[in-house]
Protein chains: 2
Amino acid sequence: MKLTTAEGYALRAMVFLAKRCQEGNAFSLSEIAEQEQLPLSFLEQIFIGLKKAKLVKSVRGAHGGYTLANQPKDINTLKVIEAVSGKSSMIDCNRDFCSAGNCAVAPFLTKLQLTIEKTLRDTTLADLTN
Amino acid sequence: MKLTTAEGYALRAMVFLAKRCQEGNAFSLSEIAEQEQLPLSFLEQIFIGLKKAKLVKSVRGAHGGYTLANQPKDINTLKVIEAVSGKSSMIDCNRDFCSAGNCAVAPFLTKLQLTIEKTLRDTTLADLTN
DNA sequence: TTAATTCCGAGGAAATGAGTCGGAATTAAC
DNA sequence: GTTAATTCCGACTCATTTCCTCGGAATTAA
């Protein structure tokens with residue numbers, strides 16, 4: 001039960017942008033990679049996901065880069081994580097035995113997941129820039 | 001961010017025992033495996049961890065088995081999970097850059113982890129037997 | 001003695017994680 | 001129009017982790 005490094009990188013990069021994208025200016029990935037000491041080509045993959053999730057906008061070509069698609073206070077950490085890893089479920093157990101309602105643990109896990117998601121949803125990039 | 005199947009199996013097996021070990025009677029792994037439809041030899045590995053963590057007691061030899069080491073209300077789900085997987089940290093990022101306090105995300109992740117651990121610690125086997 | 005069990009280490013197949021690589025498409029600047 | 005900087009995209013690799021299995025040793029009730 002831990003964050004993947006891709007999720008961690010995404011959060012770090014998004015916080016980086018939140019701190020510096022006040023007027024919608026874009027930052028190139030090479031700049032982010034250098035400043036945050038992240039591997040560039042991996043960051044590319046990550047930002048493709050962030051773009052698809054419409055959390056960032058891209059400017060292609062020379063002097064291009066990425067900028068936040070919304071205000072930091074309107075981007076929560078759950079969205080960032082899901083953009084990178086997809087919606088994940090604590091319970092990937094899809095056996096007949098369990099999905100038939102015989103599993104004593106399943107309801108608890110859903111509750112746990114909701115708790116986690118609420119915490120993530122309530123924490124925005126703005127909360128992380130202070 | 002999901003439970004490993006070993007962690008899930010452990011919880012399921014422990015709930016099984018919580019429901020039936022009222023008088024400290026032991027159940028063999030083959031019985032648990034059959035009733036809960038879990039792979040036996042994998043369960044063996046898992047229970048070695050549970051035993052080391054002193055969450056269960058074992059009775060060796062024929063007609064042996066496992067029984068809970070404490071009352072269900074005194075065994076919380078965090079202990080079960082840690083017995084199987086060890087203490088895990090949301091943040092395994094040990095780079096100089098981050099551990100020097102430059103990481104904007106780290107404090108949030110520790111807070112998140114504490115939240116999760118509290119939920120797990122507050123949920124005992126007794127809560128899962130109803 | 002036998003059968004049922006816990007205990008233990010080794011190993012193995014599959015999935016996942018954590019990237020890299022090569023190149024295509026786009027665009028500003030020269 | 002060429003070049004350099006960038007986003008975009010798919011495929012690929014390599015290491016680690018997960019999810020087990022296997023063989024056998026130790027223990028013990030019957």
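Quick note on labels: first sequence line is chain A, next is B, and so on, each numbered from 1.
- In this structure, B:L43 places its CG atom 19 Å from P of C:dA4, rounding to the nearest Å.
- B:E7 and B:T4 get closest at one heavy-atom pair: OE1-N, 2.9 Å.
- Across all strands, B:S41 comes closer than 4.0 Å to base atoms (heavy-atom distances).
- Between A:D122 and A:D127 there is no side-chain heavy-atom pair separated by less than 4.5 Å.
- Contact annotation: A:K51 side-chain N/O to D:dC8 OP1/OP2 distance is under 4.0 Å.
- Across all strands shown, D:dA15 is found opposite C:dT16 as a Watson-Crick or G-U wobble partner, with both distances under 3.5 Å.
- Residues B:R12 and B:V15 have side chains not in contact (no heavy-atom distance under 4.5 Å, counting atoms from C-beta outward).
- Residues A:I75 and A:V80 form a side-chain contact, since some pair of their non-hydrogen atoms from C-beta on lies under 4.5 Å apart.
- The phosphate of D:dT7 has neither OP1 nor OP2 within less than 4.0 Å of any side-chain N or O from A:S28.
- Side-chain contact check for A:Q113 versus A:L109: every heavy-atom pair is 4.5 Å or farther apart.
- Aromatic rings of A:F42 and A:Y9 (six-membered ring for Trp) have centroids within the 6.0 Å cut-off, being under it.
- Side-chain contact between B:L68 and B:L125: present, with at least one pair of heavy atoms (C-beta onward) separated by less than 4.5 Å.
- Between the CG atom of B:L3 and the P atom of D:dT18 there is a distance of 12 Å, given to the nearest Å.
- In this structure, D:dG10 forms a base pair with C:dC21, meeting either the Watson-Crick or the G-U wobble geometry with both donor-acceptor distances under 3.5 Å.
- C:dC7 atom P lies 10 Å from atom CZ of B:F47, rounded to whole Å.
- Toward the 5' end of DNA chain C, the nearer of the two residues B:I48 and B:S30, judged by each one's closest nucleotide, is B:S30.
- Side-chain contact check for A:T67 versus A:F27: every heavy-atom pair is 4.5 Å or farther apart.
- Between A:T4 and C:dT16 there is no side-chain polar atom (N or O) within less than 4.0 angstrom of OP1 or OP2.
- For A:Y9 and C:dT20, the OH to P distance is 9 Å, given to the nearest whole Å.
- A 3.5 Å limit on both hydrogen-bonding distances identifies D:dT3 as the Watson-Crick or G-U partner of C:dA28.
- Atom CZ in B:F27 sits roughly 17 Å away from atom C1' in C:dA4 (whole-Å rounding).
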Can you name the atoms? Protein N/O to nucleotides 10-16 of chain D N/O, anything below 3.5 Å, with the distance.
from	atom 1	to	atom 2	distance (Å)
D:dG10	O6	A:Q45	NE2	3.1

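- With 3.5 Å as the limit, one finds a donor-acceptor pair spanning the side chains of B:S58 and B:K51.
- Of all non-hydrogen atoms in B:I32 and B:A13, the two that sit nearest each other are CG2-CB, 4.0 Å.
- The separation between A:L40 atom CG and C:dG19 atom C1' is 12 Å, rounded to whole Å.
- As rounded to whole Å, 14 Å separates atom C1' of C:dC7 from atom CG of B:L50.
- Rounded to whole angstrom, the span from the CD1 atom of A:I46 across to the C1' atom of C:dT20 amounts to 13 Å.
- Contact annotation: A:T5 side-chain N/O to C:dG17 OP1/OP2 distance is not under 4.0 Å.
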Reading nucleotides 25-30 of chain D 5' to 3', which nucleotides get B (base under 4.0 Å from a protein heavy atom), which S (sugar-phosphate only), which -?
-BBBBS

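- Closest contact between the side chain of B:Y66 and the listed nucleotides D:dC8, D:dC20, C:dC7 involves C:dC7.
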